Amino acid sequence: MSENAPPGLTLPRRILRGLVLVLIAAAFSLLAAFAWPHLLGALRYAPKLDRLFVALHQDRVLIDGLREQNAALADKDEAWALAQDQIWNTERITGEGTLQRAAMARPASQHLRDVVQASRGLVTHAFLIDAKGRMAAAPFPSFNYWQFDKPKFHYTFPLGASARDVSWLQLSWDGTHPVCWRAETMVDPQSGAPIGVLALEVNYLKVGYFGCRETPIHTEQERATNHVKL
């Protein structure tokens, strides 16, 4: 019986070993399926997004749009901007109005619309915000004219050149896919002074975790309201 015992004992071990190998292979397959979109985003789409920002920081249409609005609205105060914001929101709710329509007809807005289309799904919306936190250009309808107390302005323009804000994950403006907003200070190439902010709505399904890594880590209040306590 001693000669027959080892085969009887080795069979369950072989089955167990096979099950373990199957489980390991399944775990690796699951890990690869989960990690691959993020690795592809890091290797292909995040660098493409970086290059897009580099180009737009030098874009004459966007720079001129910021210069023109900063000059044209230099004497307008916060109360005026908040009144415009109320009109803007009313137009958003009704779906019709001259303020947003005029903003989206500006050359900088039309140019951003072309940028979004040329990105082939990498970028799905964009804002250009002036030096006082007011909307300067938008290719599509948006929620607010007054951007001064938003993280995308608060964590960029006041901090000067090279400042960046990357939001938490949210739904795109049209509600079709997850996105993050990446905003960076725009600098006048002639004076070297900050003149506004460029914010792009970035497709999370393209760039993955590494392209939408939240920076800085925002507070729960900021995530819930999209406002900064000033």
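Every value quoted in this text rests on a predicted model; they were computed, and no experiment measured them.
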Just wondering, more than 12 heavy atoms not from Gln110 lying within 6.0 Å of its CD? yes
Short side-chain to backbone donor-acceptor contact, His218 and Pro216, under 3.5 Å: yes
Side chain of Asp85, backbone of Ala81: donor and acceptor closer than 3.5 Å? no
Going from CG on Leu99 to CD on Gln84, what distance comes out if it is rounded to the nearest 0.5 angstrom? 5.5 Å
Could you tell me the separation between the CD atom of Gln221 and the NE2 atom of His227, rounded to the nearest 0.5 Å? 8.5 Å
If you count the non-hydrogen atoms of other residues, nucleotides and ligands that lie under 6.0 Å from CZ in Arg92, is the total more than 12? yes
So, Ser109 side chain and Ala105 main chain: donor-acceptor pair closer than 3.5 Å or not? no
I'd like to know whether CZ of Phe140 has more than 12 heavy-atom contacts from other residues, nucleotides or ligands below 6.0 angstrom. yes
Would you mind reporting whether Tyr145 and Gln100 have side-chain heavy atoms less than 4.5 Å apart? no
Are the side chains of Arg120 and Leu122 in contact, using a 4.5 Å heavy-atom criterion? no
Roughly how far, to the nearest 0.5 Å, is the NZ atom of Lys150 from the CG atom of Asp165? 12.5 Å
Sub-3.5 Å donor-acceptor pair from the side chain of Asp188 to the main-chain atoms of Ile195, do we have one? no
If you define the side chain from C-beta out and look only at heavy atoms, does anything of Leu200 sit under 4.5 Å from Val116? no
N/O donor-acceptor pair under 3.5 Å between Arg182 side chain and Gly211 backbone: no
Indicate the ring-plane relationship of Phe53 and His57, choosing parallel, tilted or perpendicular according to the 30° and 60° boundaries. tilted
With a 4.5 Å cut-off on side-chain heavy atoms, are Met135 and Phe127 touching? yes
Donor-acceptor under 3.5 Å (Asn144 side chain, Trp146 main chain): no
